[in-house]
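See structure below.
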Amino acid sequence: MNTILPPPHRLAHKSHQLPFDQSMTSPLDYLLLYAKGKYEFVYIWNVIFNRQFLNANNLRFHENCYINEDREFILKSLSSSHTVSFVNKILYTHVHHAKQQTFTERALRISPKNLPQSRLSHFRIARHILRRIQDPKIRNFTLAFHVNDPMLRYFTLLARAGEKELYRKSIKFFKHRKTREIMFSGAKFLIRKPELFLKSIMLIYFPNLYFTLRKKIL
């Protein structure tokens, strides 16, 4: 067993409740549920790893990453794993309080200066998954939600922060044909999440309009 996760029904988002006794032994099951937003498990405190598995796959936290670090480590581990299971027991309680890092550093985490770090973390996740998994559904979700969506979020926050100069420098990234193709991958989810594709079109072809509109939406 490479990875042990908490029960899906306890951490399912919103109304997406999974059956308590549903057997899920493939990491692909968890990755697909996560990609669909039906399961959230990206906290290092609720996962147990096999140390030999981590060493064999050279899985470590990225030393220069302190934003999105749990998500990156866990998703990389899942995409490298062959077996996974979950324990249907509450082993301890995680208590949220006003002074913990999750809340006190929220402003720091969304600071324009830290946005590149979050974006790079998603890119590393995407690269790791795409190199190891051939399942077309997971590959499509990976491109859309670990490359396309973080990129849109990056430019949106730059606009809201009024960082026009950095916005203009960053927009040159779309001169690369491969980058544009990845941004257009949101078309595959047009019915499920139409804004992903439509925002990509506006950002690439009408960057000044995108900046103006996103800056007004506070």
Side-chain angles (χ1 to χ4, degrees), residues 1-8 11-13 16 18 22-87 115-154 173-174 176-189 192-193 196-197 200:
M1 190 67 62
N2 301 142
T3 312
I4 300 178
L5 297 167
L11 294 178
H13 272 181
H16 302 295
L18 298 175
Q22 181 172 343
S23 176
M24 294 169 57
T25 58
S26 169
L28 298 184
D29 294 333
Y30 289 89
L31 286 171
L32 192 57
L33 285 174
Y34 169 77
K36 291 180 177 180
K38 295 183 178 182
Y39 183 39
E40 178 66 87
F41 51 80
V42 291
Y43 307 107
I44 199 68
W45 55 266
N46 64 14
V47 184
I48 300 175
F49 298 95
N50 182 310
R51 184 173 182 176
Q52 291 181 336
F53 157 72
L54 295 179
N55 289 334
N57 289 276
N58 195 30
L59 291 167
R60 299 290 187 273
F61 276 90
H62 196 281
E63 291 186 4
N64 298 318
C65 179
Y66 54 87
I67 295 176
N68 208 37
E69 67 276 12
D70 283 14
R71 186 189 311 271
E72 179 176 345
F73 184 81
I74 293 175
L75 292 179
K76 282 182 176 180
S77 298
L78 274 176
S79 60
S80 300
S81 178
H82 296 295
T83 57
V84 66
S85 184
F86 65 86
V87 176
L115 290 177
Q117 187 178 149
S118 177
R119 185 183 59 178
L120 288 174
S121 174
H122 279 285
F123 288 177
R124 289 192 297 267
I125 292 171
R127 181 177 60 186
H128 192 93
I129 292 176
L130 294 173
R131 285 178 175 177
R132 289 162 176 76
I133 295 180
Q134 300 304 316
D135 184 279
K137 288 185 178 180
I138 292 180
R139 293 179 68 86
N140 288 336
F141 271 111
T142 297
L143 286 175
F145 299 108
H146 284 297
V147 179
N148 191 330
D149 198 33
M151 187 74 77
L152 288 172
R153 202 157 53 238
Y154 172 70
F173 193 62
F174 297 121
H176 303 286
R177 180 179 59 83
K178 189 63 178 179
T179 305
R180 295 196 301 272
E181 289 178 356
I182 292 175
M183 292 300 290
F184 293 151
S185 64
K188 296 178 181 179
F189 301 94
R192 182 173 181 268
K193 199 172 181 180
L196 195 64
F197 178 66
S200 296

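This one's a predicted model, so the numbers in the text were calculated from it and none came from an experiment.
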Return the minimal non-hydrogen interatomic distance between Pro27 and Ser81, and the atom names on each side. CG-O, 3.3 Å
Taking atom CZ of Phe141 and atom CD1 of Ile133, what is their separation to the nearest 0.5 Å? 13.5 Å
Heavy-atom nearest pair, Leu31 first then Ser79, reads CD1-CA, 4.0 Å
Heavy-atom pair with the smallest gap, counting every atom of Asn148 and Ala144: CB-O, 3.0 Å
Side-chain (Arg139) to main-chain (Gln134) donor-acceptor, under 3.5 angstrom: no
Pair His122-Met151, side chain to side chain contact (heavy atoms under 4.5 Å, CB included): steps then yes or no: CA-CA 9 Å; His122 279 285; Met151 187 74 77; over 6 Å; no
Smallest separation among heavy atoms of Val147 and Ala126, with atom names: CG2-CB, 3.7 Å
Decide if atom CD of Gln52 counts as having more than 12 heavy atoms of other residues, nucleotides or ligands within a radius under 6.0 Å. no
d(Arg127 CZ, Arg132 CZ) to nearest 0.5 Å is 9.5 Å
Looking at the rings of Phe73 and Phe49, which for Trp means the six-membered one, are their centres under 6.0 Å apart? yes
Take Ser200 and Leu152 through the side chain to side chain contact (heavy atoms under 4.5 Å, CB included) test and state the conclusion after the steps. CA-CA 7 Å; Ser200 296; Leu152 288 172; 3.8 Å; yes
Kindly indicate, with the supporting measurements, whether the criterion side chain to side chain contact (heavy atoms under 4.5 Å, CB included) is fulfilled by Asn68 and His62. CA-CA 10 Å; Asn68 208 37; His62 196 281; over 6 Å; no
Ile182, Ile138, Ile129 screened by side chain to side chain contact (heavy atoms under 4.5 Å, CB included) with Leu143, the one that passes: Ile182
Please determine whether side chain to side chain contact (heavy atoms under 4.5 Å, CB included) holds for the pair His128 and Glu72, giving the CA-CA distance in whole Å, both sets of side-chain angles, and the decisive distance to 0.1 Å. CA-CA 10 Å; His128 192 93; Glu72 179 176 345; over 6 Å; no
Please determine whether the number of non-hydrogen atoms from other residues, nucleotides or ligands lying under 6.0 Å from atom CZ of Arg177 exceeds 12. no
Sub-4.5 Å side-chain heavy-atom contact between Thr142 and Lys137: no
